[in-house]
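These notes are about the structure you will find just below.
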Amino acid sequence: MKEFRKTKQVTYNLMSFTGFKSVLIFSCLLEGAKTYEDIQKCIYENEFLHETISVDAIRVYLNSLRSLGCNIIRTTSDGVPRFHIDSHPFELKITEAQTKSIIKVFKAIYKSLDISDLLTLQSFLENFSKYITNTDLKNKFKNISPLNNIDPDIIKDLINYGKDNTEIIMYYNSAGSGKKNINIIVDKMNVINGKLYVYGVNSEYNNYSSFLVSRIIKIIGVNMQKSELNMPEMTIGYEFNINGNETFIPLKNEKIISKTPTSYVVEMTSKNKFDLIQRVMSHANSCKVLYPENFKQDVIDCLKRMKEGYFEKK
Amino acid sequence: MFHLIELLYEDKADYNSVIEIFKDSESDDYTTNAQVILSKYLNALEVFGMKVVKRKNKFKLENSLYLMPFSYEDLKSINILISSVKDFPESDVTQNIKEFLRTLSLRMNDDDKNILSNFEQSYDFSLFSSNLKDQIKYCENICKENFLIEVIYQKNKKEIKIKCNPKEVIYDTKNAYLSVYDVTKRENADIAISNILSITKQPQIANPTELTTTVVYKLKHRLAKTYKVKENEYSRGYDEDGNLIIVNKNEPFDKLMKRLMRYTFSCEIISPKPLRDMMVGLINETLENYK
């Protein structure tokens with residue numbers, strides 16, 4: 001073998017020429033549409049072959065490839081037939097077990113990833129879903145990311161605007177008031193409860209708000225002047241009772257201040273009061289707000305209002 | 001030739017299967033002949049540029065018949081997948097993903113392989129190197145064996161005992177849970193594996209029929225318009241007051257209640273009554289913290 005590699009001289013007792021020609025034709029047709037003449041040229045110019053092959057022989061090879069499972073498409077332009085392989089049995093196949101495993105791992109890791117990595121993974125999932133044959137699994141695979149169905153260009157732009165707190169005007173489909181323009185100074189993006197939000201100061205009302213990125217129709221304007229996020233941050237403290245050995249997972253804006261064997265004291269900072277309330281409420285009876293007093297009262301009022309909802313006359 | 005390539009792609013090209021392709025039963029010395037033919041075909045693949053090696057009586061493909069284009073984003077995602085399985089505690093999952101990565105690597109050109117091996121960013125998926133590995137492995141086996149089990153676990157400083165069908169092990173960023181179907185309460189539950197005190201296998205095989213309770217809740221105010229229906233839910237539309245009615249199936253009650261607590265007074269459980277009462281109880285217990 002080594003020797004004929006050097007000399008480029010191959011004899012029939014060393015190598016299967018039929019096998020070699022069939023993989024060569026397969027490879028040639030994968031590159032794109034080829035005429036009989038192109039295929040003949042491909043065989044003739046191969047350094048190990050240098051032989052002419054008849055059109056009839058090419059037809060035999062094409063039929064063999066078809067019987068193997070290759071979908072060979074024949075097109076004709078200017079009266080000349082051309083052939084290319086549309087699909088073949090050696091294409092990448094993601095098995096059901098592999099798909100389920102990737103979905104499982106994705107669910108386990110996605111909260112640890114930043115938005116740009118999630119965006120990268122979203123595009124990967126979309127591109128590779130075509131290699132899954134089971135339709136249900138294919139849809140699960142494609143739709144598993146919280147960034148699914150959101151224009152990736154809008155996400156990329158928001159990531160960049162968040163870096164230097166740029167003020168933008170976005171055309172937004174608000175659930176309450178319909179389609180309208182909203183000005184915000186972009187702060188950051190976060191995935192909360194499986195949905196992607198952009199956070200920033202709504203410059204019209206001068207309050208810190210969050211908006212669902214999936215509801216942004218387009219970004220229609222950018223303020224080139226330097227903007228500043230002048231919203232005050234709110235800091236709250238709460239006690240969290242640990243459930244057995246379960247690990248408490250602090251958010252990026254949370255800090256564990258002290259620990260006892262049964263509880264943690266956690267400090268959380270945010271410009272958005274709504275976020276703080278949602279976090280505290282999600283801990284339910286495992287959590288007690290310690291400070292500040294007015295926030296504590298807000299949580300108590302919220303709980304009372306919830307209770308009233310259950311006892312209102314129907 | 002292509003049958004051989006097919007076996008190589010599927011990583012099933014052990015010597016016996018391969019030689020079977022080239023045997024001619026009419027020949028007297030068919031094994032020797034088959035070996036000669038096989039080596040001629042392997043030579044043809046080598047001349048074409050496909051690298052095939054023989055390891056432990058099995059032929060392995062080291063590069064593909066054709067190459068696939070990979071974007072930088074694809075390679076970055078592959079790098080994330082490689083990092084995620086480094087310490088993943090479930091061997092089957094790891095094996096499946098490694099096999100998937102092998103099939104990608106086969107179709108990758110040398111430049112892409114080089115980029116992939118030189119990614120500097122590493123990811124910390126620290127759950128997977130935690131000291132829970134043995135317990136996770138045990139739970140993984142329990143799920144495979146599929147017997148009815150009795151689990152004793154800690155919940156809010158109490159010991160809880162349930163009879164259940166084990167389903168699967170699931171994860172969030174730092175915790176691993178044994179997902180089960182509680183046959184007495186007819187509900188799904190995710191039990192933190194770190195809180196499990198004991199698991200006792202029962203003699204009966206787990207019954208695959210699950211009669212879980214369906215939960216109906218309504219969403220009010222702005223949330224009624226913005227809510228994204230979850231995988232295990234469907235919407236029954238709006239009531240006369242503009243509230244969105246959601247029907248939820250199979251979500252573990254503990255998880256569901258905590259999620260609904262986030263929605264505060266914009267959410268109300270309609271049925272079943274015991275769960276509605278449990279929610280009121282949970283609100284009361286939370287209020288008790290402030291007395």
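Being a predicted model, the structure only gives us computed values, none of them experimental. Heavy-atom basis, side chains included; hydrogens, waters and symmetry copies ignored. Throughout, a chain's letter reflects where its sequence line sits, starting with A, and its residues are numbered from 1.
Aromatic rings of A/Y197 and A/F211 (six-membered ring for Trp) have centroids beyond the 6.0 Å cut-off, not under it. Aromatic ring centres of A/Y131 and A/F128: separated by under 6.0 Å. The aromatic ring centroids of A/F26 and B/F48 lie 6.0 Å or more from each other.
Interface residue A/K111: backbone and side-chain heavy atoms are both found under 4.5 Å from chain B. With a 4.5 angstrom heavy-atom cutoff, A/K100 does not touch chain B via any of its atoms. For chain A, the nearby parts of B/L287 are the backbone and the side chain; heavy atoms of each come within less than 4.5 Å. When heavy atoms are compared at a cutoff of 4.5 Å, B/L4 does not approach chain A at all. Using a 4.5 Å cut-off between heavy atoms, B/K230 touches chain A through its side chain atoms alone. For B/E90, the part sitting under 4.5 Å from any heavy atom of chain A is the side chain, from C-beta outward, and nothing else. Of the two parts of B/E10, neither the backbone nor the side chain holds a non-hydrogen atom closer than 4.5 Å to a non-hydrogen atom of chain A. For chain B, the nearby part of A/K104 is the side chain; its heavy atoms alone come within less than 4.5 Å. In this structure, chain A has heavy atoms under 4.5 Å from both the backbone and the side chain of B/F2. For B/M1, the part sitting under 4.5 Å from any heavy atom of chain A is the side chain, from C-beta outward, and nothing else. With a 4.5 angstrom heavy-atom cutoff, A/I300 touches chain B via backbone and side-chain atoms both. Contacts between A/L125 and chain B at a heavy-atom distance below 4.5 Å are absent for every atom of the residue. A/L119 does not touch chain B: none of its heavy atoms, backbone or side chain, sits under 4.5 Å away. The contact between A/I192 and chain B is made entirely by side chain atoms (from C-beta outward), counting heavy-atom distances below 4.5 Å. Interface residue B/Y177: only side-chain heavy atoms are found under 4.5 Å from chain A. With a threshold of 4.5 angstrom between heavy atoms, B/M279 approaches chain A through side-chain atoms but not through N, CA, C or O. If you measure heavy-atom distances from A/V289 to chain B, the contacts under 4.5 Å come from both the backbone and the side chain. The contact between B/F70 and chain A is made entirely by side chain atoms (from C-beta outward), counting heavy-atom distances below 4.5 Å. Interface remark: A/F274 contributes no atoms to any contact with chain B (heavy atom separation under 4.5 Å). If you measure heavy-atom distances from B/I269 to chain A, the contacts under 4.5 Å come from both the backbone and the side chain.
There is a side-chain donor-acceptor pair under 3.5 Å between A/S177 and A/S174. A/E254 and A/Y238 share a donor-acceptor pair across their side chains, judged by distance under 3.5 Å alone. With no hydrogens or angles considered, no side-chain donor-acceptor pair links A/K142 and A/N148 at under 3.5 Å.
Between A/S27 atom OG and B/M50 atom CE the span is 10.5 Å, to the nearest 0.5 Å.
With respect to the salt-bridge test (charged N to carboxylate O, under 4.0 angstrom), the residues B/D172 and A/K107 do not qualify. Between B/R102 and B/E99, at least one side-chain N (NZ, or NE/NH1/NH2) sits under 4.0 Å from a carboxylate O, which counts as a salt bridge. Contact check on B/K291 versus B/E288 returns a salt bridge, with a Lys/Arg side-chain nitrogen under 4.0 Å from an Asp/Glu carboxylate oxygen. Using a 4.0 Å cut-off between charged nitrogen and carboxylate oxygen, B/D92 and B/K144 count as a salt-bridge pair.
The candidate with the highest count of non-hydrogen atom pairs below 4.5 Å against chain A, out of B/L81, B/L282, B/L45, B/L106, is B/L282. With respect to chain B, the highest number of heavy-atom pairs below 4.5 Å among A/N193, A/T95, A/N127 belongs to A/N193. When the candidates B/R262, B/M261, B/K220 are compared by the number of heavy-atom contacts under 4.5 Å with chain A, B/R262 comes out ahead. Most heavy-atom pairs under 4.5 Å with chain B, from the set A/L113, A/V23, A/I242, A/T99: that is A/V23. When the candidates B/N284, B/V85, B/T103 are compared by the number of heavy-atom contacts under 4.5 Å with chain A, B/N284 comes out ahead. Heavy-atom pairs under 4.5 Å with chain B peak, among A/C287, A/S214, A/S64, at A/C287. Contact count versus chain B (heavy atoms, under 4.5 Å) is highest, among A/L30, A/V280, A/I102, for A/I102. Annotation: maximal heavy-atom pairing with chain A below 4.5 Å, among B/I78, B/I170, B/I5, occurs at B/I5. By number of non-hydrogen pairs under 4.5 angstrom with chain A, the leading residue of B/I193, B/T226, B/T264 is B/T264. Counting heavy-atom pairs closer than 4.5 Å to chain A, the top-ranked of the candidates B/E285, B/R107, B/K228, B/Q154 is B/R107.
Between the side chain of B/N63 and the backbone N or O of B/K51, at least one donor-acceptor pair lies under 3.5 Å. Side chain of B/K155 to backbone of B/I191: no donor-acceptor contact under 3.5 angstrom is found.
In this structure, A/Y110 and A/F106 have parallel ring planes: the angle between them is below the 30° cut-off, well short of the 60° mark.
Listed here is the closest heavy atom pair of A/L92 and B/Y66: N-OH, 3.5 Å.
Relative to the six-membered ring of B/F265, A/R305 meets both conditions, a distance below 6.0 Å and an angle of at most 45° to the axis.
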**Request:** Dump the intermediate steps for side chain to side chain contact (heavy atoms under 4.5 Å, CB included) on A/L303 and A/M281, then the final yes or no.
**Result:** CA-CA 9 Å; A/L303 286 162; A/M281 295 299 284; 3.5 Å; yes
